[in-house]
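The sequence lines fix the lettering, A, B, ..., with proteins before strands; numbering per chain opens at 1.
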2 protein chains.
Amino acid sequence: MSQWDIYNKNCPTRLVLDRIADKWTVLVVGALATETKRFGQLRRELDGVSQKMLTQTLRGLERDGIVYRKVYATVPPKVEYSLTTLGLTLVNLVETVRYWSEGNIEKVLMAQKRYDA
Amino acid sequence: MSQWDIYNKNCPTRLVLDRIADKWTVLVVGALATETKRFGQLRRELDGVSQKMLTQTLRGLERDGIVYRKVYATVPPKVEYSLTTLGLTLVNLVETVRYWSEGNIEKVLMAQKRYDA
DNA sequence: TGCTGTAGTTACCAAAAAGAAACTAATAAA
DNA sequence: TTTATTAGTTTCTTTTTGGTAACTACAGCA
(Lines give C-alpha, C1' and ligand atoms only; values in the text may rest on other atoms or scores of the structure.)
Protein backbone atom coordinates (compact mmCIF):
# COMPACT_ATOMS: atom_id res chain seq x y z
CA MET A 1 0.00 0.00 0.00
CA SER A 2 1.71 3.13 -1.25
CA GLN A 3 1.15 6.79 -0.64
CA TRP A 4 -0.24 7.17 -4.15
CA ASP A 5 -3.88 6.80 -5.04
CA ILE A 6 -5.16 7.37 -8.53
CA TYR A 7 -8.70 7.74 -7.21
CA ASN A 8 -7.66 10.90 -5.37
CA LYS A 9 -8.14 14.05 -7.41
CA ASN A 10 -4.98 15.74 -6.21
CA CYS A 11 -2.69 12.76 -6.52
CA PRO A 12 0.00 13.34 -9.16
CA THR A 13 -0.68 9.86 -10.54
CA ARG A 14 -3.70 11.44 -12.17
CA LEU A 15 -1.32 13.30 -14.45
CA VAL A 16 0.32 10.04 -15.45
CA LEU A 17 -3.10 8.55 -16.08
CA ASP A 18 -3.93 11.48 -18.32
CA ARG A 19 -0.75 10.90 -20.27
CA ILE A 20 -1.04 7.18 -20.85
CA ALA A 21 -4.82 6.99 -21.15
CA ASP A 22 -4.43 8.91 -24.39
CA LYS A 23 -5.03 7.75 -27.93
CA TRP A 24 -1.89 9.19 -29.49
CA THR A 25 0.31 8.04 -26.63
CA VAL A 26 -0.87 4.47 -27.14
CA LEU A 27 -0.17 4.64 -30.85
CA VAL A 28 3.22 6.36 -30.51
CA VAL A 29 4.52 3.96 -27.89
CA GLY A 30 3.27 1.06 -29.99
CA ALA A 31 5.00 2.41 -33.07
CA LEU A 32 8.29 2.84 -31.25
CA ALA A 33 8.07 -0.56 -29.55
CA THR A 34 10.30 -2.32 -32.06
CA GLU A 35 12.52 0.40 -33.48
CA THR A 36 13.71 3.96 -33.45
CA LYS A 37 11.81 6.12 -35.90
CA ARG A 38 12.03 9.57 -37.40
CA PHE A 39 9.33 12.20 -37.08
CA GLY A 40 8.12 11.81 -40.65
CA GLN A 41 7.91 8.05 -40.31
CA LEU A 42 5.71 8.35 -37.25
CA ARG A 43 3.55 10.91 -38.97
CA ARG A 44 2.91 8.58 -41.88
CA GLU A 45 2.33 5.58 -39.63
CA LEU A 46 -0.13 7.25 -37.28
CA ASP A 47 -2.78 7.79 -39.90
CA GLY A 48 -4.72 10.96 -39.19
CA VAL A 49 -2.39 12.61 -36.71
CA SER A 50 -1.66 16.27 -37.35
CA GLN A 51 1.85 17.64 -37.12
CA LYS A 52 0.88 19.67 -34.11
CA MET A 53 -0.62 16.78 -32.16
CA LEU A 54 2.33 14.54 -32.94
CA THR A 55 4.82 17.18 -31.81
CA GLN A 56 2.81 17.81 -28.66
CA THR A 57 2.49 14.14 -27.83
CA LEU A 58 6.18 13.48 -28.40
CA ARG A 59 7.20 16.47 -26.29
CA GLY A 60 5.01 15.31 -23.47
CA LEU A 61 6.36 11.80 -23.62
CA GLU A 62 9.90 13.13 -23.73
CA ARG A 63 9.23 15.31 -20.69
CA ASP A 64 7.84 12.35 -18.79
CA GLY A 65 10.93 10.29 -19.56
CA ILE A 66 9.13 7.80 -21.77
CA VAL A 67 10.58 8.79 -25.13
CA TYR A 68 14.12 9.78 -26.05
CA ARG A 69 14.62 12.45 -28.69
CA LYS A 70 17.88 12.55 -30.60
CA VAL A 71 18.50 15.58 -32.78
CA TYR A 72 21.09 15.60 -35.57
CA ALA A 73 22.35 19.09 -36.32
CA THR A 74 21.99 18.74 -40.07
CA VAL A 75 20.09 20.47 -42.81
CA PRO A 76 17.46 19.34 -43.50
CA PRO A 77 16.91 18.43 -39.86
CA LYS A 78 16.88 14.83 -38.70
CA VAL A 79 15.34 13.77 -35.42
CA GLU A 80 15.05 10.24 -34.13
CA TYR A 81 12.64 9.02 -31.48
CA SER A 82 12.98 5.91 -29.37
CA LEU A 83 11.66 4.50 -26.13
CA THR A 84 13.61 4.95 -22.91
CA THR A 85 13.96 2.16 -20.36
CA LEU A 86 10.86 3.51 -18.68
CA GLY A 87 9.06 3.69 -22.02
CA LEU A 88 9.86 0.06 -22.71
CA THR A 89 7.92 -0.96 -19.61
CA LEU A 90 4.84 0.51 -21.26
CA VAL A 91 5.04 -1.61 -24.39
CA ASN A 92 3.16 -4.59 -23.02
CA LEU A 93 0.41 -2.34 -21.77
CA VAL A 94 -0.19 -0.50 -25.03
CA GLU A 95 -0.05 -3.71 -27.03
CA THR A 96 -2.72 -5.14 -24.76
CA VAL A 97 -4.84 -2.08 -25.47
CA ARG A 98 -4.37 -2.58 -29.18
CA TYR A 99 -5.18 -6.28 -29.06
CA TRP A 100 -8.25 -5.65 -26.94
CA SER A 101 -9.50 -3.03 -29.38
CA GLU A 102 -8.89 -5.11 -32.46
CA GLY A 103 -10.13 -8.28 -30.79
CA ASN A 104 -13.37 -6.94 -29.36
CA ILE A 105 -14.46 -4.39 -31.91
CA GLU A 106 -17.12 -6.70 -33.28
CA LYS A 107 -18.72 -7.15 -29.88
CA VAL A 108 -18.64 -3.43 -29.28
CA LEU A 109 -20.21 -2.63 -32.63
CA MET A 110 -22.96 -5.17 -31.99
CA ALA A 111 -23.61 -3.73 -28.53
CA GLN A 112 -23.91 -0.26 -30.01
CA LYS A 113 -26.40 -1.48 -32.58
CA ARG A 114 -28.50 -3.08 -29.87
CA TYR A 115 -28.34 0.03 -27.68
CA ASP A 116 -29.26 2.41 -30.47
CA ALA A 117 -32.32 0.34 -31.35
CA MET B 1 -3.72 -10.91 -39.15
CA SER B 2 -7.21 -9.46 -38.98
CA GLN B 3 -9.04 -6.95 -41.09
CA TRP B 4 -8.76 -4.41 -38.29
CA ASP B 5 -5.90 -1.99 -37.89
CA ILE B 6 -5.85 0.60 -35.17
CA TYR B 7 -3.19 2.56 -37.07
CA ASN B 8 -5.71 3.23 -39.84
CA LYS B 9 -7.67 6.44 -39.35
CA ASN B 10 -10.93 5.05 -40.63
CA CYS B 11 -10.83 1.77 -38.78
CA PRO B 12 -13.65 1.51 -36.22
CA THR B 13 -11.14 0.21 -33.68
CA ARG B 14 -10.11 3.83 -33.30
CA LEU B 15 -13.45 4.45 -31.62
CA VAL B 16 -12.77 1.67 -29.15
CA LEU B 17 -9.33 3.11 -28.52
CA ASP B 18 -10.91 6.48 -27.81
CA ARG B 19 -13.23 4.85 -25.33
CA ILE B 20 -10.75 2.82 -23.34
CA ALA B 21 -7.82 5.22 -23.57
CA ASP B 22 -9.83 7.55 -21.37
CA LYS B 23 -9.19 8.61 -17.80
CA TRP B 24 -12.72 8.19 -16.49
CA THR B 25 -13.21 4.89 -18.27
CA VAL B 26 -10.13 3.49 -16.55
CA LEU B 27 -11.35 4.67 -13.16
CA VAL B 28 -14.95 3.52 -13.64
CA VAL B 29 -14.01 0.05 -14.82
CA GLY B 30 -11.55 -0.23 -11.95
CA ALA B 31 -14.20 0.82 -9.45
CA LEU B 32 -16.68 -1.73 -10.77
CA ALA B 33 -14.11 -4.51 -10.94
CA THR B 34 -15.07 -6.07 -7.64
CA GLU B 35 -18.69 -5.12 -7.14
CA THR B 36 -21.85 -3.52 -8.42
CA LYS B 37 -22.16 0.08 -7.38
CA ARG B 38 -24.73 2.82 -7.39
CA PHE B 39 -24.31 6.13 -9.15
CA GLY B 40 -23.69 8.07 -5.98
CA GLN B 41 -21.10 5.61 -4.77
CA LEU B 42 -19.16 5.95 -7.98
CA ARG B 43 -19.41 9.70 -7.81
CA ARG B 44 -17.89 9.74 -4.35
CA GLU B 45 -15.20 7.23 -5.25
CA LEU B 46 -14.04 8.95 -8.41
CA ASP B 47 -12.80 12.05 -6.69
CA GLY B 48 -13.21 15.09 -8.92
CA VAL B 49 -15.63 13.68 -11.45
CA SER B 50 -18.60 15.90 -12.26
CA GLN B 51 -22.08 14.49 -12.41
CA LYS B 52 -22.21 15.21 -16.11
CA MET B 53 -18.95 13.49 -16.95
CA LEU B 54 -19.85 10.45 -14.90
CA THR B 55 -23.22 10.14 -16.60
CA GLN B 56 -21.62 10.56 -20.00
CA THR B 57 -18.92 8.01 -19.32
CA LEU B 58 -21.39 5.47 -17.97
CA ARG B 59 -23.71 5.94 -20.93
CA GLY B 60 -20.87 5.43 -23.35
CA LEU B 61 -19.72 2.31 -21.56
CA GLU B 62 -23.25 0.98 -21.48
CA ARG B 63 -23.67 1.63 -25.18
CA ASP B 64 -20.44 -0.23 -25.92
CA GLY B 65 -21.59 -3.23 -23.92
CA ILE B 66 -18.99 -2.83 -21.19
CA VAL B 67 -21.23 -1.73 -18.33
CA TYR B 68 -24.70 -2.95 -17.38
CA ARG B 69 -27.18 -0.44 -16.00
CA LYS B 70 -30.02 -1.65 -13.84
CA VAL B 71 -32.73 0.85 -13.02
CA TYR B 72 -35.14 0.36 -10.12
CA ALA B 73 -38.40 2.20 -10.71
CA THR B 74 -38.50 3.72 -7.26
CA VAL B 75 -38.56 7.18 -5.80
CA PRO B 76 -35.98 8.34 -5.08
CA PRO B 77 -34.41 6.57 -8.03
CA LYS B 78 -31.94 3.75 -7.63
CA VAL B 79 -29.58 2.70 -10.38
CA GLU B 80 -26.94 0.03 -10.15
CA TYR B 81 -23.93 -0.31 -12.38
CA SER B 82 -21.90 -3.44 -12.99
CA LEU B 83 -19.50 -4.84 -15.55
CA THR B 84 -20.76 -7.09 -18.32
CA THR B 85 -18.86 -10.17 -19.44
CA LEU B 86 -17.10 -7.98 -21.97
CA GLY B 87 -16.36 -5.40 -19.32
CA LEU B 88 -14.78 -8.01 -17.10
CA THR B 89 -12.18 -8.71 -19.79
CA LEU B 90 -11.03 -5.11 -19.36
CA VAL B 91 -10.32 -5.37 -15.66
CA ASN B 92 -6.79 -6.70 -15.99
CA LEU B 93 -5.94 -3.97 -18.44
CA VAL B 94 -7.16 -1.08 -16.34
CA GLU B 95 -5.54 -2.46 -13.23
CA THR B 96 -2.26 -2.62 -15.11
CA VAL B 97 -2.72 1.03 -16.02
CA ARG B 98 -3.32 1.90 -12.40
CA TYR B 99 -0.34 -0.07 -11.14
CA TRP B 100 1.90 1.44 -13.79
CA SER B 101 0.81 4.95 -12.85
CA GLU B 102 1.19 4.43 -9.14
CA GLY B 103 4.40 2.47 -9.54
CA ASN B 104 6.21 4.83 -11.88
CA ILE B 105 5.03 8.23 -10.79
CA GLU B 106 8.31 8.95 -9.03
CA LYS B 107 10.34 8.29 -12.16
CA VAL B 108 8.00 10.45 -14.19
CA LEU B 109 8.18 13.33 -11.73
CA MET B 110 11.97 13.13 -11.72
CA ALA B 111 12.09 13.09 -15.51
CA GLN B 112 9.88 16.17 -15.62
CA LYS B 113 12.14 17.99 -13.20
CA ARG B 114 15.16 17.16 -15.33
CA TYR B 115 13.40 18.22 -18.52
CA ASP B 116 12.17 21.51 -17.11
CA ALA B 117 15.66 22.45 -15.98
C1' DT C 1 18.34 30.55 -60.10
C1' DG C 2 14.90 28.53 -57.83
C1' DC C 3 12.53 24.38 -56.10
C1' DT C 4 12.38 20.45 -52.68
C1' DG C 5 12.73 18.26 -48.28
C1' DT C 6 12.80 17.98 -42.82
C1' DA C 7 11.12 18.99 -38.42
C1' DG C 8 9.60 21.88 -36.43
C1' DT C 9 7.19 26.78 -34.25
C1' DT C 10 3.71 30.23 -34.12
C1' DA C 11 -0.65 32.51 -34.67
C1' DC C 12 -5.28 32.23 -35.46
C1' DC C 13 -9.84 30.25 -35.47
C1' DA C 14 -13.51 26.87 -34.91
C1' DA C 15 -15.25 23.12 -32.46
C1' DA C 16 -15.71 20.33 -28.73
C1' DA C 17 -15.32 19.27 -24.04
C1' DA C 18 -16.20 20.19 -19.47
C1' DG C 19 -17.75 22.86 -15.33
C1' DA C 20 -21.61 25.16 -12.71
C1' DA C 21 -26.10 25.82 -11.54
C1' DA C 22 -30.92 25.11 -11.79
C1' DC C 23 -34.65 21.93 -12.23
C1' DT C 24 -37.30 17.28 -11.84
C1' DA C 25 -40.31 13.44 -9.38
C1' DA C 26 -42.53 11.11 -5.43
C1' DT C 27 -41.84 9.24 -1.08
C1' DA C 28 -40.43 9.02 3.68
C1' DA C 29 -39.05 11.23 7.61
C1' DA C 30 -39.01 15.33 10.81
C1' DT D 1 -45.91 21.04 6.01
C1' DT D 2 -41.46 21.34 4.81
C1' DT D 3 -37.28 19.00 3.72
C1' DA D 4 -34.06 15.60 2.15
C1' DT D 5 -33.09 12.05 -1.01
C1' DT D 6 -31.38 9.99 -5.90
C1' DA D 7 -30.06 10.03 -10.48
C1' DG D 8 -30.33 12.26 -13.54
C1' DT D 9 -31.38 16.32 -17.65
C1' DT D 10 -30.92 20.87 -19.44
C1' DT D 11 -28.98 25.25 -20.25
C1' DC D 12 -25.37 28.38 -20.20
C1' DT D 13 -20.66 29.64 -20.05
C1' DT D 14 -15.84 28.90 -19.94
C1' DT D 15 -11.86 26.32 -21.06
C1' DT D 16 -9.42 23.28 -23.70
C1' DT D 17 -8.47 21.02 -27.83
C1' DG D 18 -7.23 20.52 -32.26
C1' DG D 19 -6.97 21.84 -37.11
C1' DT D 20 -5.03 24.99 -40.83
C1' DA D 21 -1.85 27.74 -42.77
C1' DA D 22 2.30 30.39 -42.86
C1' DC D 23 7.06 30.72 -41.70
C1' DT D 24 12.04 28.95 -40.73
C1' DA D 25 16.96 27.06 -42.21
C1' DC D 26 20.18 25.55 -45.64
C1' DA D 27 21.98 21.77 -48.50
C1' DG D 28 21.25 19.31 -52.77
C1' DC D 29 19.53 18.97 -57.22
C1' DA D 30 17.71 20.44 -61.96
Side-chain angles (χ1 to χ4, degrees), chain A residues 7-10 14-28 31-32 35-64 67-83 115-116, chain B residues 7-10 14-28 31-32 35-64 67-83 115-116:
Chain A
Y7 280 90
N8 181 329
K9 181 173 68 176
N10 299 314
R14 275 281 176 93
L15 298 174
V16 180
L17 180 59
D18 274 331
R19 170 81 58 217
I20 64 178
D22 172 78
K23 177 172 63 174
W24 297 126
T25 291
V26 170
L27 294 176
V28 164
L32 294 178
E35 45 170 351
T36 290
K37 278 175 188 158
R38 297 183 59 182
F39 185 85
Q41 272 180 285
L42 287 172
R43 192 145 135 71
R44 266 168 270 124
E45 233 172 276
L46 274 66
D47 192 22
V49 73
S50 71
Q51 195 170 33
K52 187 178 153 187
M53 283 309 298
L54 184 54
T55 302
Q56 254 179 44
T57 304
L58 288 168
R59 283 293 177 290
L61 290 171
E62 188 195 0
R63 177 165 185 265
D64 287 354
V67 154
Y68 172 61
R69 178 165 174 265
K70 183 167 191 183
V71 184
Y72 294 85
T74 59
V75 170
K78 174 177 173 180
V79 180
E80 282 180 352
Y81 293 92
S82 54
L83 293 181
Y115 184 91
D116 293 342
Chain B
Y7 282 90
N8 181 329
K9 182 174 64 174
N10 299 313
R14 274 281 176 93
L15 298 175
V16 180
L17 179 59
D18 275 330
R19 170 80 58 214
I20 63 178
D22 172 79
K23 178 172 60 174
W24 297 126
T25 291
V26 169
L27 294 176
V28 165
L32 295 179
E35 43 171 352
T36 291
K37 279 175 187 157
R38 296 183 60 182
F39 185 86
Q41 272 180 286
L42 287 172
R43 191 146 135 70
R44 266 168 270 124
E45 236 173 273
L46 273 65
D47 191 22
V49 74
S50 70
Q51 196 169 33
K52 187 178 151 189
M53 281 309 297
L54 184 53
T55 303
Q56 254 178 44
T57 303
L58 288 167
R59 283 294 178 288
L61 290 171
E62 189 196 359
R63 177 165 185 265
D64 288 355
V67 155
Y68 172 63
R69 179 166 173 264
K70 183 167 190 182
V71 183
Y72 294 85
T74 58
V75 169
K78 175 178 174 180
V79 181
E80 283 180 351
Y81 292 92
S82 55
L83 294 181
Y115 183 93
D116 293 342

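A close approach under 4.0 Å does not occur between any side-chain nitrogen or oxygen of A:Thr55 and OP1 or OP2 of C:dG8. At C:dT9, one or more side-chain N or O atoms of A:Arg59 fall inside 4.0 Å of OP1 or OP2 (strictly under the cut-off). Using a 4.0 Å cut-off, no side-chain N or O of A:Ser50 falls inside it from OP1 or OP2 of D:dG18.
Nucleic acid contact for A:Tyr72: none, since no nucleic acid atom lies under 4.0 Å from a heavy atom of the residue. Looking at heavy-atom distances under 4.0 Å, B:Arg38 makes contact with sugar-phosphate atoms alone, never a base.
The distance from atom CG of A:Leu46 to atom P of D:dG19 is 12 Å, rounded to the nearest whole Å. Rounded to a whole Å, the NZ atom of B:Lys78 is 18 Å from the C1' atom of C:dA25. The CZ atom of A:Arg69 sits 8 Å away from the C1' atom of C:dA7 (whole-angstrom rounding). One atom, NZ of B:Lys52, and another, P of D:dT9, lie 12 Å apart when rounded to the nearest Å. Rounded to whole Å, atom P of D:dT6 lies 11 Å from atom CD of B:Gln41. Between the C1' atom of D:dT15 and the CG atom of A:Asp18 lies a distance of 15 Å, rounded to the nearest Å. Rounded to an integer number of Å, the gap from A:Gln56 CD to C:dT9 C1' is 12 Å. Rounded to whole Å, the distance from CD on A:Glu80 to C1' on C:dT6 is 13 Å.
Side-chain atoms of B:Leu32 and B:Leu42, non-hydrogen and from C-beta on, do get closer than 4.5 Å to each other. The shortest distance between side-chain heavy atoms of B:Tyr68 and B:Leu83 does not fall below 4.5 Å. Under the 4.5 Å side-chain criterion, counting only non-hydrogen atoms from C-beta, A:Thr25 is in contact with A:Arg19.
Between A:Ser50 and A:Arg43, the shortest heavy-atom contact is C-NH1, 4.0 Å.
Taking the side chain of B:Pro76 as heavy atoms from C-beta on, and the options D:dT6, C:dA26, C:dG8, the nearest nucleotide is D:dT6. Taking the side chain of A:Gln51 as heavy atoms from C-beta on, and the options C:dT9, D:dA7, C:dC12, the nearest nucleotide is C:dT9.
Distance CZ/B:Phe39 to CG/B:Leu54: 4.0 Å, rounded to 0.5 Å.
Nearer the 5' end of DNA chain D, as judged by each residue's closest nucleotide, is the contact made by A:Met53, out of A:Met53 and A:Val75.
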